[in-house]
Amino acid sequence: MDKRDLNNPGEDEKSAPVHFIRHVIDDDITSDKYNGRVVTRFPPEPNGYLHIGHAKSICLNFGLGLEYGGKCHLRFDDTNPEKEETEYVDSIKADVKWLGFNWGNDLYYTSDYFDRLYEYALELIRRGKAYVDSLSAEQIREYRGTLTEPGRKSPYRSRGVEENLALFEQMRDGGFSEGQCVLRAKIDMASPNMVMRDPALYRIRKKNHHRTGDKWCIYPMYDFAHCLSDSIEGITHSLCTLEFTNNRELYDWILDTLAIYHPQQIEFARLNITRTILSKRKLISLVSEKIVDGWDDPRMPTISGLKRRGYTPEAIRDFCERIGVAKRDSIVDIALLEHCLRQNLNRRSPRVMGVLHPLKVVIENYPEGKTEYLDAINNPEDPSMGKRSVPFSRQLYIEQDDFMEDAPKKFFRLAPGREVRLRYAYFITCREAVKNERGEIIELRCTYDPKTRGGDAPDGRKVKGTLHWVSAAHALEATVRLYDHLFSVDDPAASADELTSLINPRSMETLDGCMLEPSLAAATPGARFQFERLGYFCADSRLCLPGKPVFNRTATLRDTWARIQKKKGKAG
RNA sequence: UGGGGCGUAGUCAAGCGGUAAGACACAGGAUUUUGGUUCCUGCAUUCGGAGGUUCGAAUCCUCCCGCCCCAGCCA
C-alpha cells in the first residue's frame, strides 16, 4: 500500500509524483537502513527572509516527513553571529506556519549544540584529526593551492595533540584575537576536492550571538556544525541543494572519523523561476536600493511578498509538488506558478464587480432616483458560497475597454447600436457616445430592456457580450495596484546587464478612482476576490484604511480577447 | 588544465534492456450570463553527438561535446 495515498485524502489532490529522493527513501525502508525511520529537517540560516526557493525545500522536507509517517525538524543554522538575528527567526517561523507546516516540538538551533560541538572538536584533536593553525587567512588561501595545483601543508600542521588541545582551549577562552588562528581538520592538502584541503572547523568571532550572547567567541563552521547537528538529531535524510555536493565528502569524513550516527546527505537542484530572481544577495540589493518597497513588496518572490500579493499557501504547495525534484539545473516557467494560483483562487474566491477604468453610462429610459437590488452569484464554482445583492440605478460605470466606437465583428462588447448584457442586470443598447471638446468619449447614452431583468431575454434573443458594471451612486472608490512580473526578461540572473535595467517598467501600476461594488467596503485586509472578467485581487494588508481600501492585483484572468489582439498587433 | 554534478519537447519532468508518462505553454474545437472555468483534440519515429554490445538501447560500454559547482576564517 502506498503511504502517499493515505496521507493525501483530499479529493482533488492528485497522488504526488515520484522523484529520485522518494526512490532513495523507499530503498532505505526496504533495506531497513534506518529501521524504517524517516526524519528530515529544514535548516535555514536566520539571516534573511524566506522565498519561494525555500518553499520548495520546506515542502520537500516537511512533505516527506509527513508522507512517510516520520517528522521534519525546523532547525535554525545560527553559526555565524555576524549575520543572524532574532527578527529573521520570527519571520521564518511565521512563513513556515503560513505555508501550512508544523514542526511540533522539533524546533532546534545549532547554537543549542555549541557545547557538544566543542566536545566533538576536542575529540577530533585527540584523534590527531584536527589542529590549530596560526596562519593568517591570506596565508591559508595561498597554501590551499588552486583547482589544478595541490596545496601545501601549514607549518603548524604538525603540532602535537596536547599543544592543540591547549591552544584550542585558549581560543575558546578569548586568548586570541579574531583571525589569529583557526581550528582545521587534518585531511589532505593535495585532495582534488578543495573542500578536503584541511577545511576550517572553528573561527574566532568576538561578537554577540543572538541566542548565546557572549558565552562563546569561537563559532563552528557550516561543514562542521551541520553534519553533527544532523547526527545529534537523528536525521535520516539530509536534503540540501546541489552546490553542497562537494561538501558531502567532508560531511561523511567528520561523521566517520568521529564514528558516530551517520545520516545521508542528498542533493537536489535549487529552484529558479522565469522573470524573477531567487538569489538572497540580489534580493537584498532590490530592497536596499529601493527598487522594491521592502521584503514584502507584492512583486517580491519572498513568502511575505507572495502572501501580500494574494497568493495562497495551497497554490504554492501545489506548485512545489508539480515542479518535481531532480538534479539538473532548470528554470521553471512562471506561468506554472500562475496556473497553480488561478486554479486555487478560481475555486475559492468570491466574485465581485469592480471597474478599473470607469466610463460613465446613463440609461436614458431608466427612472431617475430608482434603485434596484439584483441577485448576484458569489461563486459559480461553489454554490454553497451563496448570493448577494448588487444595486443598480440609472447611472453606471463600465470599463473603458468595453466600448469601441468602430468595433470589429469579433468585438463582443458595447458599440453604437449594439446590445450587450450587464451581468446579473439587463440588456442595454448603446444609443450615443458623448465626447468632450478634445474628442474623447466621456459618457455613453444607452437604453435598457426592462424585460431582461436578471440577464435573460424572454424572447430568447442572445447577446455575445456580458459586461461588469457598478452603480455610480453606490460605488466604492478605491485604489488598485496592478502588479506584473518583476523582470522583463526570462532569466535576469543570466543577463550581463545591470539588474535595474531589466526591471519590468510595468511591474506596478497604481490606479486611483477605481469604482467597486459597495459590498467591498467590508473587505478585511488580506481578503481575496475575483473581480469578474479582470482577475484576482486582494485587499492590501498594509495600505488599507477604513473606508479607503487598496487592492492588489494578484493575477489576471486568462484573457483570450487580449491574446487575439496582441497576435493581430504582431501580425499587422 | 584537477575534482564533482548534470544533459529526454518551448519550460519542468517520468522512464532503470521490450519499443518515449504527466504537467505548464502553445494551437484548434465544444459548452458558458465572466472572451473566466470546464471538456475534447493536436503537440519528441526520438532522448547532447558519434560509434559499439544486443533479437531489441533514452536505458549497458567507449569516445567526444555542452552546461553548472568548488580555490570564505559564508551557508
Side-chain angles (χ1 to χ4, degrees), chain A residues 14 17-20 23 43-45 47 77 79-80 82-83 133 135-137 140-142 144-151 178-184 190-197 199-205 218-219 221-223 225-226 240-249 267 269 274 280 319 322-340 342-343 346-347 351 353 376-377 380-381 410-413 421-425 427 452 454-456 462-468 490 530-535 556-564:
Chain A
K14 303 162 202 85
V18 295
H19 51 66
F20 80 100
H23 287 313
E45 181 187 14
N47 72 340
D77 206 353
T79 59
N80 187 346
E82 293 184 318
K83 307 199 295 186
D133 196 351
L135 248 29
S136 69
I140 287 183
R141 194 184 321 128
E142 285 161 22
R144 186 152 31 225
T146 68
L147 295 178
T148 51
E149 305 158 51
E178 283 190 19
Q180 207 179 337
C181 52
V182 66
L183 183 74
R184 288 230 256 171
S191 172
N193 181 357
M194 300 296 287
V195 173
M196 299 300 277
R197 322 246 262 227
L201 265 23
Y202 267 91
R203 78 291 217 184
I204 298 167
R205 285 289 175 274
I218 56 170
Y219 292 92
M221 301 289 292
Y222 165 85
D223 285 309
H226 203 89
C240 62
T241 46
L242 247 33
E243 64 269 26
F244 291 99
T245 305
N246 291 328
N247 302 249
R248 187 178 63 234
E249 193 177 351
E267 310 86 17
T274 57
K280 211 182 255 185
F319 172 73
R322 290 189 194 220
I323 54 177
V325 181
K327 292 186 87 119
R328 88 178 73 141
D329 292 315
S330 60
I331 180 162
V332 177
D333 193 335
I334 196 166
L336 179 59
L337 213 211
E338 293 166 344
H339 168 82
C340 295
R342 290 192 184 103
Q343 188 173 275
N346 177 49
R347 287 188 326 212
R351 312 288 130 122
M353 290 193 286
I377 293 164
E381 304 293 321
K410 291 290 196 83
F411 186 79
F412 300 154
R413 285 109 98 142
R421 168 167 42 233
L422 292 180
R423 179 138 235 226
Y424 300 127
F427 284 12
T452 57
D456 278 309
K462 301 284 183 214
V463 287
K464 287 290 256 183
T466 300
L467 311 186
H468 60 279
D490 274 345
Q530 183 197 99
F531 288 11
E532 291 212 41
R533 303 210 303 134
L534 296 175
T556 60
L557 251 30
R558 280 184 73 227
D559 190 344
T560 309
W561 172 241
R563 255 197 329 215
I564 291 167

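Throughout, a chain's letter reflects where its sequence line sits, starting with A, and its residues are numbered from 1. This structure is a prediction, so every number in the text was calculated from the model and none was measured.
- Rounded to whole Å, the distance from CG on A:Asp223 to P on B:C70 is 13 Å.
- At a threshold of 4.0 angstrom between heavy atoms, the contacts of A:Arg144 are confined to the sugar-phosphate backbone, with no base atom among them.
- Two residues, A:Lys464 and A:Leu337, neighbour RNA chain B, and the one matched to the more 5' nucleotide by heavy-atom proximity is A:Leu337.
- The partner of B:C16 cannot be assigned: no Watson-Crick or G-U wobble pair with both contacts below 3.5 Å exists in any strand.
- A:Arg184 places none of its side-chain heavy atoms less than 4.5 Å from the side chain of A:Pro199.
- Side-chain N/O atoms of A:Asn193 and base N/O atoms of B:G2 include no donor-acceptor pair closer than 3.5 Å.
- With both ends at atom C1', the span from B:U37 to B:U31 equals 11 Å, rounded to whole Å.
- Relative to the side chain of A:Asp333, the nucleotides B:C73, B:A14, B:G10 differ in distance, and B:G10 lies closest.
- The side chain of A:Arg328 places an N or O atom within less than 4.0 Å of a non-bridging phosphate oxygen (OP1 or OP2) of B:A13.
- Note: NZ (A:Lys327) to C1' (B:A13) measures 16 Å, nearest angstrom.
- The partner of B:U45 is absent, by the rule that a Watson-Crick or G-U pair needs both atom distances under 3.5 Å.
- Comparing B:G10 with B:A44, their P atoms sit 10 Å apart, to the nearest whole Å.
- Residue A:Asn346 has its side chain nearest to B:U37 when only B:U37, B:A71, B:G4 are considered.
- B:A13 atom P lies 12 Å from atom NE2 of A:His19, rounded to whole Å.
- Side-chain atoms of A:His23 lie closest to B:G15 of the nucleotides B:G2, B:G15, B:G5.
- Summarising the base pairing, B:G56 is matched to no nucleotide, lacking a Watson-Crick or G-U wobble pair whose two defining distances lie under 3.5 Å.
- A distance of about 46 Å separates the C1' atoms of B:A58 and B:C73, rounded to the whole Å.
- Proximity of the aromatic rings of A:Phe412 and A:Trp561 is defined here by a centroid distance below 6.0 angstrom, and this criterion is not met.
- Proximity of a side-chain donor or acceptor of A:Arg423 to a complementary backbone N or O of A:Gly455 within less than 3.5 Å is not detected.
- Contact annotation for A:Asp456: base contact, defined as any heavy-atom pair under 4.0 Å involving a base atom.
- Comparing B:C67 with B:A27, their C1' atoms sit 32 Å apart, to the nearest whole Å.
- Nucleotides B:U46 and B:G15 are separated by 14 Å at their C1' atoms, to the nearest Å.
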Evaluate A:Met194 against A:Leu147 for side-chain contact (heavy atoms from CB on, under 4.5 Å), listing each step before the verdict. CA-CA 7 Å; A:Met194 300 296 287; A:Leu147 295 178; 3.8 Å; yes
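- Under the Watson-Crick and G-U wobble criteria, each requiring two contacts below 3.5 Å, nucleotide B:G35 is left unpaired.
- With both pairing distances under 3.5 Å, B:G66 is matched to B:C6 as a Watson-Crick or G-U wobble pair.
- Annotation: B:G48 and B:A71 have their C1' atoms spaced 30 Å apart (nearest Å).
- Within the 4.5 Å cutoff, the side chain of A:Thr245 has no heavy atoms near those of the A:Asn247 side chain.
- The distance from atom CD of A:Glu381 to atom C1' of B:U31 is 13 Å, rounded to the nearest whole Å.
- With a cut-off of 3.5 Å on both pairing distances, B:A25 has no Watson-Crick or G-U wobble partner at all.
- Using a 4.0 Å heavy-atom cutoff across all strands shown, A:Tyr219 reaches no nucleic acid atom at all.
- The distance from atom CD1 of A:Ile564 to atom C1' of B:C26 is 14 Å, rounded to the nearest whole Å.
- Where A:Cys181 and A:Val195 each meet RNA chain B at their nearest nucleotide, the meeting point lying more 5' is that of A:Val195.
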